[in-house]
Amino acid sequence: MYMRGAKVTYANELMKNAMMEFMSRELDLTNGMRITFRVHLSENQLMHIMVFPDEDAAEGWARAVGSYVAQIKSMGVKIEPLQGDISHFAIAGDVTLDELRS
């Protein structure tokens, strides 16, 4: 498995919430993405994590959404990308699928 992610800093909380809504509706779980989640670091900053089956799938997703990323950056959003192979992935044996749904 392979992870692409980003620490994203928005101008304000309204922009952060609007962009999360857009991402959820248009880009999450597309083009091979298997898992996605966000960690809220502050009112205007979050960490967005996306999991793909492999690096090729992650790069394909990045190419597919590249124009959106450029537009988001043009609005003054700071994006600090992260990526790499995933190891030691585990979920507790007593966790059910219902507990993993948002």
Side-chain angles (χ1 to χ4, degrees):
M1 289 192 298
Y2 194 81
M3 184 277 295
R4 283 188 70 95
K7 180 176 154 187
V8 186
T9 305
Y10 300 94
N12 54 52
E13 187 176 15
L14 177 62
M15 181 185 272
K16 175 183 140 184
N17 291 336
M19 289 307 308
M20 279 192 318
E21 195 62 36
F22 172 78
M23 291 285 294
S24 294
R25 187 179 64 248
E26 301 294 328
L27 305 177
D28 284 355
L29 303 176
T30 63
N31 297 292
M33 185 187 306
R34 298 291 188 245
I35 300 169
T36 185
F37 63 92
R38 294 170 182 83
V39 179
H40 297 265
L41 303 173
S42 71
E43 70 178 29
N44 71 321
Q45 190 174 65
L46 60 82
M47 178 75 64
H48 185 184
I49 304 297
M50 299 160 286
V51 177
F52 298 87
D54 54 40
E55 187 174 0
D56 289 339
E59 293 305 317
W61 181 88
R63 283 190 301 276
V65 303
S67 65
Y68 290 119
V69 173
Q71 291 177 61
I72 291 167
K73 285 181 177 180
S74 75
M75 296 186 302
V77 175
K78 181 179 178 185
I79 301 174
E80 300 172 62
L82 305 163
Q83 60 187 32
D85 288 316
I86 296 173
S87 67
H88 301 85
F89 184 88
I91 297 175
D94 62 341
V95 174
T96 67
L97 289 177
D98 288 339
E99 292 174 313
L100 294 176
R101 295 176 195 216
S102 58

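In this text, all values refer to a predicted model and were calculated from it rather than measured experimentally.
For the side-chain hydrogen bond (donor to acceptor under 3.5 Å, both in side chains) test, residues two or more places apart in sequence or in another chain that qualify with S42 are N44. The salt bridge (charged side-chain N to carboxylate O under 4.0 Å, His left out) search around E43 returns none, not counting sequence neighbours. Applying the side-chain contact (heavy atoms from CB on, under 4.5 Å) test to P53 and every residue at least two apart in sequence or in another chain returns R34, A57. Partners of T96 by side-chain contact (heavy atoms from CB on, under 4.5 Å), not counting sequence neighbours, listed by chain and number: D98, E99. Under the side-chain contact (heavy atoms from CB on, under 4.5 Å) criterion, A92 pairs with D94, V95, not counting sequence neighbours. Listed by chain and number, the residues in a side-chain contact (heavy atoms from CB on, under 4.5 Å) with L82 are M3, M47 (sequence neighbours excluded).
Listed by first and then second residue, the salt bridge (charged side-chain N to carboxylate O under 4.0 Å, His left out) pairs that reach into residues 44-69 are R4-E59, sequence neighbours excluded. Among pairs with a residue in residues 13-31, those fulfilling salt bridge (charged side-chain N to carboxylate O under 4.0 Å, His left out) read D28-R38, at least two apart in sequence or across chains. For residues 72-99, there are no ring pair (Phe, Tyr, Trp, His ring centres under 6.0 Å) pairs, not counting sequence neighbours. Legend: ring pair (Phe, Tyr, Trp, His ring centres under 6.0 Å) pairs involving residues 24-47, not counting sequence neighbours: none detected. Residue pairs satisfying the salt bridge (charged side-chain N to carboxylate O under 4.0 Å, His left out) criterion with at least one member in residues 64-88, sequence neighbours excluded, are listed as follows: K78-E80.
When atom types are taken as modelled, the side chain of T36 and the backbone of I49 share a donor-acceptor pair closer than 3.5 angstrom.
L46 forms part of a hydrophobic cluster together with V8, Y10, M15, M19, M20, F22, M23, L27, L29, M33, M50, F52, W61, V65, Y68, V69, I72, M75, V77, I79, judged by ILVMFWY side-chain heavy-atom separations under 4.5 Å.
Shown here for Y2 and A58, the closest heavy-atom pair between the two residues is CD2-CB, 3.6 Å.
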